[in-house]
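This report concerns only the one structure given below.
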Amino acid sequence: MSAFPHELMKEGVAINVEQQRRQETTNYVRLDYCEEPESEFEILQPAKISKFLPIWWWTKTISLSMIMLGLLAVLIIWGIPFLVEKVVIPLMSWEASAFKRPVLAFLLIASMAVFPVFLLPSGPSMMLAGLSFGYGLGFLIIMVGTTIGMALPYFIGSLFRNRIHTWLKRWPKKAAVIRLVGEGSWFRQFRTIALIRVSPFPYTIFNYCVVATNVKFGPYISGSFAGMAPEALIAIYSGRLLKTLVEVKYKNLHLTPVEIIYNAISFCVAIGAAIAFTIYARRALRNFQENDEPQNGEVIDNGGSINLVHMVSIPVEDSEDFRSENSKHGSTSGVN
């Protein structure tokens, strides 16, 4: 009789333990069940938001296009006439009366050579060369001046290479593009520099930053010369077109229908060529970046050039083991 209540107590304890275990199991199941809708909501939420992205993209694109068209209309209606009347005509009269053609050519070459050293644009001088000398002599003047203007910052920047290298670390995206210049063969460097010259990369900044890579002066100056040729032709055309508009409006020059159509087609071709060159250069540089992008942990020895590869930290113990192994290999190789 005494054992009977004892067995009942054991069975009661076992039942309580089993109920507690089931309750804990059901609690875990309930937690999983409660969290499941949240995970589904987290997965489905980006899909719902993404439906509105095309609408927002088209709205932003249309708005920016309308703003650009409005600014272009304001520039054509009021900006260009004001520029022609207050700047172009006085400048043409001044340079025609104050300088002879050889002196003007020398001043234009000097301005295009010196302005990039002080990070100033050479576009106005290039347009003035086209306006005053036309395609043949104007192209020669522009290429001589810009070539000197691209060579001087290269030699000046080589004196401050370490500072330029440190400065570029603050701008990793720009540095990633510049790093492509120093890689590959002579022709690869030549092609990369020509593409950067055609692309909308800052012209004057690139003249200095290129010294942070391993590029030699030969591919640098030849690639820069080739890349600047399209911009020189567009600048000459812009200057000639501006001169024609001035003569039509203020000197009673009459254009035939054929000349009007020719100027309109030439203008469209120049704009289309500039856009096409820019798009091609950006895509080519992007392909270079994708093909040359190293994997994590891979180290590229660029001889002191820009290195944007993320290094993997090694513990002190592993580095000491690595050094000891290298010393052993060195000793064994010396014995052999």
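Position 1 is the first residue of the sequence; numbering continues from there.
Taking hydrophobic clusters as Ile, Leu, Val, Met, Phe, Trp and Tyr residues chained together by side-chain heavy-atom distances below 4.5 Å, Ile279 does not share a cluster with Val269. At a threshold of 4.5 Å between side-chain heavy atoms, the hydrophobic network of Ile, Leu, Val, Met, Phe, Trp and Tyr places Leu152 and Phe155 in one connected group. The cluster map of Ile, Leu, Val, Met, Phe, Trp and Tyr, joined by side-chain heavy atoms under 4.5 Å apart, puts Phe225 and Ile234 in different clusters. Under the 4.5 Å side-chain heavy-atom criterion for ILVMFWY residues, a single connected hydrophobic cluster contains both Ile193 and Phe217. Hydrophobic clustering (ILVMFWY, side-chain heavy atoms < 4.5 Å, transitive): Leu195 and Trp186 are in distinct clusters.
Here Tyr208 and Phe160 keep their ring centres 6.0 angstrom or further from each other.
Atom NZ of residue Lys216 and atom CD1 of residue Ile221 lie 15.5 Å apart, to the nearest 0.5 angstrom. Atom CG of Leu159 is separated from atom CD1 of Ile164 by 9.0 Å, given to the nearest 0.5 angstrom. If you take OH on Tyr237 and OH on Tyr135, they are separated by 6.5 Å, rounding to the nearest 0.5 Å. Atom OG1 of residue Thr204 and atom CG of residue Leu120 lie 8.0 Å apart, to the nearest 0.5 angstrom.
Side-chain contact between Glu183 and Leu180 is present, with at least one heavy-atom pair separated by less than 4.5 Å. For the pair Tyr203/Met150, a side-chain contact is recorded, criterion being any heavy-atom separation below 4.5 Å from C-beta on. Between Val210 and Ile196 the shortest side-chain heavy-atom distance does not fall below 4.5 Å. For the pair Leu168 and Arg179, the minimum side-chain heavy-atom distance is 4.5 Å or more. The closest side-chain heavy-atom distance from Cys209 to Lys174 is not below 4.5 Å.
Across every non-hydrogen atom of Met126 and Thr146, the tightest pair is SD-CG2, 4.4 Å. The minimum heavy-atom distance between Gly227 and Val198, with the atom names listed, is O-CG2, 3.7 Å.
Annotation for Phe106: atom CZ does not count as buried by contact number, only 12 or fewer foreign heavy atoms lying within 6.0 Å. Atom OH of Tyr154 has more than 12 heavy atoms from other residues, nucleotides or ligands within 6.0 Å.
A donor atom on one side chain and an acceptor atom on the other are found under 3.5 Å apart for Ser224 and Arg197.
A side chain to side chain contact (heavy atoms under 4.5 Å, CB included) with Tyr220 holds for exactly one of Thr213, Asn207, Val181, Val211; it is Asn207.
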